[in-house]
Asker: 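Take a look at the following structure, please.
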Amino acid sequence: MADLKVTVAGVEFQNPLIAASGTFGFGREFAEFYPLRTLGGISCKGITLKERPGNPPPRIAETPGGMLNAVGLQNPGVDHFIENDLPWLKEQGTAVIANIAGNTPEEYCEMAEKLSGTAVDMIEMNISCPNVKQGGVQFGTSCAGVEGITKAVRKHCKKPLMVKLSPNVSDISEIAAAAESAGADAISMINTLTGMRIDIQTRRPIIRNNTGGLSGPALFPVAVRMVNQAYRRVKIPIVGMGGISKWQDAVEMLLAGDSALQIGTVFFSDPYAPVKILDGLNDYLDRSRISTVSDLTGQVQLW
């Protein structure tokens with residue numbers, strides 16, 4: 001059996017598979033299927049400073065090869081997370097990543113400060129959510145915005161800080177470099193692409209928010225390309241995501257430059273996906289006589 005342990009920004013994960021934020025809640029429902037220590041880590045549902053009800057329904061729609069969502073960061077707020085969810089999560093034997101989102105730099109900084117005094121292993125700063133009227137996306141689509149918010153939060157964050165990048169930009173490598181220069185310990189990418197579906201009978205968008213974030217297998221080639229672009233530009237670790245649904249996808253993403261992986265939309269169709277991906281990844285490493293999964297990172301040979 002190959003060594004599946006990976007280290008990202010000083011945090012050790014028992015394997016490279018992390019449940020992506022927004023698709024796994026706080027893990028309680030999935031704990032009915034298998035022990036959560038099966039996963040290397042959990043990036044929890046995105047939390048804000050105060051409780052948010054999210055967007056009005058309908059807010060999810062199927063698409064060819066994926067789904068659109070505009071949930072709008074429905075969550076109970078950071079204090080509720082710290083008091084009610086985090087203690088249970090820390091008993092599950094897996095790394096816990098707190099995902100934060102805000103409307104202002106001050107909100108991000110306050111959450112980072114609150115969480116720095118807790119047992120979370122890492123903070124993932126979401127500056128790329130396209131499904132809220134105000135908030136992180138305004139910081140995540142320009143180099144100046146990414147650099148400014150990362151510098152501000154870095155001063156208040158005593159935990160390893162991972163910045164979640166948006167694909168809705170012209171040059172992802174420049175955005176990644178801005179996060180690195182401002183003090184990010186790692187980057188996670190890519191968040192959803194903005195998309196739209198229309199009901200041809202009512203002639204209205206299917207999603208009440210009009211647009212939503214596209215995720216799932218349709219996103220995968222874009223994610224692989226962007227991860228590789230960022231890997232060739234920055235030195236900090238990359239946690240890749242975007243349409244990973246089987247072990248072959250995991251290998252491909254690692255070869256593109258990831259140190260670890262987040263999986264998300266696949267949970268809606270197959271909650272046992274991480275078990276299957278890990279089994280396949282193990283077999284691939286054994287057949288290839290690779291002793292540690294980290295040896296795959298960035299090993300694509302470009303033409």
Asker: Check whether Arg52 reaches the backbone of Pro76 with its side chain - one donor and one acceptor, N or O, closer than 3.5 Å.
Answerer: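 Checking the backbone N and O of Pro76 against the side chain of Arg52, no donor-acceptor pair under 3.5 Å is found.
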Asker: Verify the distance criterion only: is there a donor paired with an acceptor across the side chains of Gln229 and Arg225 at less than 3.5 Å?
Answerer: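 Yes, a side-chain donor-acceptor pair sits under 3.5 Å.
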Asker: Write down the atom of Leu296, the atom of Tyr284, and the distance for their closest heavy-atom approach.
Answerer: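 The answer is CD2-CE2, 4.1 Å.
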Asker: Could you tell me whether the side chains of Thr192 and Asn69 share a donor-acceptor contact shorter than 3.5 Å?
Answerer: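 No, no side-chain donor-acceptor contact under 3.5 Å.
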Asker: Going from CG on Asn228 to CD on Glu252, what distance comes out if it is rounded to the nearest 0.5 angstrom?
Answerer: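 Going from CG on Asn228 over to CD on Glu252, the span is 10.5 Å.
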Asker: Asp85 vs Arg28, test: salt bridge (Lys or Arg N to Asp or Glu O under 4.0 Å). Steps then yes/no.
Answerer: CA-CA 9 Å; Asp85 299 300; Arg28 295 181 190 271; 3.7 Å; yes
Asker: Would you confirm whether Tyr108, through its side chain, and Asn126, through its main-chain N or O, come within 3.5 Å as a donor-acceptor pair?
Answerer: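 Yes, Tyr108 side chain to Asn126 backbone: donor-acceptor pair under 3.5 Å.
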Asker: Would you mind checking if Lys158 and Glu113 are paired as a salt bridge, meaning a charged N to carboxylate O distance below 4.0 Å?
Answerer: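 The answer is no: the pair does not qualify as a salt bridge.
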Asker: Do Val266 and Met241 sit in one hydrophobic cluster, given that two such residues count as connected whenever their side-chain heavy atoms are within less than 4.5 Å of each other, even indirectly?
Answerer: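 No, no single cluster joins them.
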Asker: In terms of the angle between their ring planes, are Phe24 and Phe267 parallel, tilted or perpendicular, with boundaries placed at 30° and 60°?
Answerer: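 Judged by the thresholds at 30° and 60°, the geometry between Phe24 and Phe267 is tilted.
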Asker: Applying salt bridge (charged side-chain N to carboxylate O under 4.0 Å, His left out), name anything that partners Arg59, two or more places apart in sequence or on another chain.
Answerer: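 Arg59 satisfies salt bridge (charged side-chain N to carboxylate O under 4.0 Å, His left out) with no other residue.
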Asker: Looking at Thr194 and Thr211, what are the two nearest heavy atoms and their distance?
Answerer: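 Taking every non-hydrogen atom into account, CG2-CB, 3.9 Å.
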Asker: Looking at Ala70, is its backbone amide N or carbonyl O close enough to the side chain of Asn55 to form a donor-acceptor pair, meaning the two atoms are under 3.5 Å apart?
Answerer: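 Yes, the answer is positive, given that a donor and an acceptor are paired below the 3.5 Å cut-off.
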Asker: From Leu161 CG over to Arg154 CZ, what is the distance, rounded to the nearest 0.5 angstrom?
Answerer: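 The CZ atom of Arg154 is 5.0 Å from CG of Leu161, to the nearest 0.5 Å.
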Asker: Enumerate donor-acceptor pairs with a distance under 3.5 Å from any side-chain N or O in residues 270-283 to protein atoms, sequence neighbours excluded.
Answerer:
residue	atom	partner	partner atom	Å
Asp270	OD1	Tyr272	N	3.0
Asp270	OD2	Lys276	NZ	2.8

Asker: What verdict does the salt bridge (Lys or Arg N to Asp or Glu O under 4.0 Å) test give for Glu62 and Arg197, after you've listed the backbone C-alpha separation in whole Å, the side-chain angles of each residue and the deciding distance to 0.1 Å?
Answerer: CA-CA 9 Å; Glu62 288 191 63; Arg197 295 295 311 276; over 6 Å; no
Asker: Pick out which of Glu124, Met162, Met122 makes a side chain to side chain contact (heavy atoms under 4.5 Å, CB included) with Ser43.
Answerer: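 Only one of Glu124, Met162, Met122 forms a side chain to side chain contact (heavy atoms under 4.5 Å, CB included) with Ser43, namely Glu124.
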Asker: Between Lys90 and Asp121 (salt bridge meaning N to carboxylate O under 4.0 Å), is one present in this structure?
Answerer: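 Here Lys90 pairs with Asp121 in a salt bridge, since their nearest N and O are under 4.0 Å apart.
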Asker: For Arg208, look at atom CZ and say whether over 12 heavy atoms of other residues, nucleotides or ligands are found less than 6.0 Å away.
Answerer: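 Atom CZ in Arg208 is not crowded, with 12 or fewer foreign heavy atoms closer than 6.0 Å.
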Asker: If a pair satisfies salt bridge (charged side-chain N to carboxylate O under 4.0 Å, His left out) and one of its residues is in residues 234-246, list it, with sequence neighbours excluded.
Answerer: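 Pairs touching residues 234-246 that pass the test: Lys246-Asp249.
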Asker: Does the distance from a Lys or Arg side-chain N to an Asp or Glu carboxylate O, for Asp79 and Lys114, drop under 4.0 Å?
Answerer: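 Lys114 and Asp79: salt-bridged.
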